[in-house]
Amino acid sequence: GITDDTNAIKAAINAVKGDIAFPLTTKPVVLYFPAGTFLIRSDEIDISDIQSLHLIGAGKCISQEKYFGTRLVASTNGTALIKIGYTSSDILIDGFTIDQNTKSLYAINIVPTPGDIVNYSAIRNCEFINVKAQGASIASITALGAYAETSIWEISNCGFSMNSIVDGAQKGAALKIYNAGAWGWELNHCHFDGQSEVAHIILRCGEITLNHCIFDNTSAVSTSDIQVYSTAKLSLNNCHSGSSKPFISELAAVGGDAT
């Protein structure tokens with residue numbers, strides 16, 4: 001947690017690129033991160049052109065004070081700790097505490113382009129903490145491109161602690177999907193604790209299913225736990241809110257949104 005690890009991680013990813021190829025039935029390449037703290041410069045870990053890559057940590061940290069698992073920490077200001085997109089497929093991120101350290105706007109940024117597919121990928125057993133304190137424009141996981149091919153993402157057993165505070169209010173959404181093609185997303189057994197003046201989850205386009213998710217500590221100035229534009233399709237199964245705010249608020253479609 002003292003020396004910057006960005007170059008070493010980039011070198012490891014570049015070293016395995018030649019071993020990763022289509023079809024998706026190819027056995028994935030695994031990069032294992034042992035227990036410890038890894039400092040990463042924002043905007044430099046880019047796996048946009050890789051398929052069948054699994055980034056595996058030693059598990060979530062027990063708490064922010066006791067780092068017994070694998071922790072990835074943003075060491076510089078920037079957009080994202082990890083960028084995924086373009087021709088990425090079969091990506092797995094599993095077993096990390098991802099600490100935005102109030103520096104990185106996003107922990108994971110999924111950025112597709114027209115004609116490409118981000119498919120059959122998952123984020124599991126991760127804890128997202130210390131979102132950058134810059135209001136509702138930031139988040140832990142984002143899919144912001146207005147294209148139609150990002151589908152089948154699974155997020156399971158993840159925790160989101162939006163615990164940065166500005167002007168007395170908690171800032172930052174956990175999940176923000178502004179992507180017309182975000183179809184087939186599924187969240188399972190996730191915990192959302194604290195959030196921005198808007199919502200834990202902001203859905204503008206796409207389809208998403210939430211199973212057994214818990215929402216706690218909604219801030220006093222927020223609109224709801226989940227904010228859904230009328231173009232989004234949302235399914236909820238056995239979810240719970242401990243908030244006094246409305247669970248869901250709906251907004252009208254924005255110009256250009258598909259219906």
Side-chain angles (χ1 to χ4, degrees), residues 4-14 31 33 37-50 53 55 57 70-89 91-93 96-114 116 118 121-123 126-147 149-150 153 155 158 160-166 170-182 185 194-206 227 254:
D4 188 279
D5 300 290
T6 309
N7 292 340
I9 295 171
K10 290 169 64 176
I13 292 173
N14 289 332
L31 286 182
F33 293 70
T37 298
F38 296 81
L39 300 181
I40 301 175
R41 297 189 298 274
S42 296
D43 301 325
E44 294 201 29
I45 304 301
D46 188 343
I47 54 176
S48 296
D49 58 349
I50 295 178
L53 175 64
L55 305 179
T70 302
R71 186 170 67 124
L72 307 181
V73 183
S75 62
T76 60
N77 292 325
T79 301
L81 269 177
I82 300 173
K83 180 181 178 183
I84 303 172
Y86 305 114
T87 55
S88 301
S89 293
I91 301 297
L92 173 63
I93 299 173
F96 296 93
T97 290
I98 301 181
D99 186 347
Q100 292 170 249
N101 199 24
T102 71
K103 296 180 182 293
S104 181
L105 290 178
Y106 316 127
I108 298 173
N109 192 17
I110 302 165
V111 189
T113 56
D116 295 323
V118 181
S121 296
I123 302 168
C126 291
E127 189 78 19
F128 295 86
I129 62 174
N130 292 327
V131 68
K132 185 177 177 68
Q134 193 171 310
S137 63
I138 49 80
S140 284
I141 301 175
T142 58
L144 302 179
Y147 308 120
E149 290 85 15
T150 53
W153 268 85
I155 303 174
C158 290
F160 299 86
S161 297
M162 303 296 100
N163 53 2
S164 291
I165 298 178
V166 173
Q170 290 175 304
K171 302 289 184 177
L175 177 65
K176 189 173 183 179
I177 302 177
Y178 272 28
N179 193 310
W185 281 55
Q195 40 96 24
S196 75
E197 66 273 31
V198 180
H200 289 288
I201 298 175
I202 305 172
L203 304 173
R204 178 170 166 183
C205 296
Q227 186 182 78
V254 176

Start with the C-alpha gap between Phe33 and Leu72, add the side-chain angles, then the distance that decides, and say whether side chain to side chain contact (heavy atoms under 4.5 Å, CB included) holds. CA-CA 10 Å; Phe33 293 70; Leu72 307 181; 4.3 Å; yes
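In this structure, CD1 on Ile98 lies 12.5 Å from CG on Asn130, to the nearest 0.5 angstrom. Note that CD1 of Ile110 is 5.5 Å distant from CD1 of Ile123, once rounded to the nearest 0.5 Å. Here the CD1-CG distance, from Ile9 to Asn14, works out to 12.0 Å after rounding to the nearest 0.5 Å. Separating the CD1 atom in Ile108 from the CD1 atom in Ile155 is a distance of 8.0 Å, to the nearest 0.5 Å. The distance from the OG1 atom of Thr79 to the CG atom of Leu105 is 5.5 Å, given to the nearest 0.5 Å. Rounded to the nearest 0.5 angstrom, Lys83 NZ and Asp43 CG are separated by 8.5 Å.
Counting heavy atoms from C-beta on, the side chains of Thr37 and Asp99 never come closer than 4.5 Å. For the pair Leu55 and Phe96, the minimum side-chain heavy-atom distance is below 4.5 Å. Within the 4.5 Å cutoff, the side chain of Lys103 has no heavy atoms near those of the Ser75 side chain.
In this structure, the side chain of Ser104 does not engage the main chain of Ala74 through any donor-acceptor pair within 3.5 Å. Put simply, the side chain of Asp5 gets close to the backbone of Leu39: a donor and an acceptor are under 3.5 Å apart. Between the side chain of Thr76 and the main chain of Ser42, a donor-acceptor pair closer than 3.5 Å is present. For the pair Thr97 (side chain) and Arg71 (backbone), a donor-acceptor distance under 3.5 Å is absent.
Looking at residues two or more places apart in sequence or on another chain, you find a side-chain contact (heavy atoms from CB on, under 4.5 Å) between Thr6 and Asp4, Lys10, Ile40, Arg41, Glu44, Ile45.
When each of Leu53, Ile91, Ile93, Leu92 is tested with Ser121 by the rule side chain to side chain contact (heavy atoms under 4.5 Å, CB included), just one qualifies, namely Ile91. A side chain to side chain contact (heavy atoms under 4.5 Å, CB included) with Glu127 is found for exactly one of Ser140, Ser161, Cys158, namely Ser161.
Between Phe160 and Phe128, the angle of the ring planes stays under 30°, which puts this pair in the parallel group of the 30/60° scheme.
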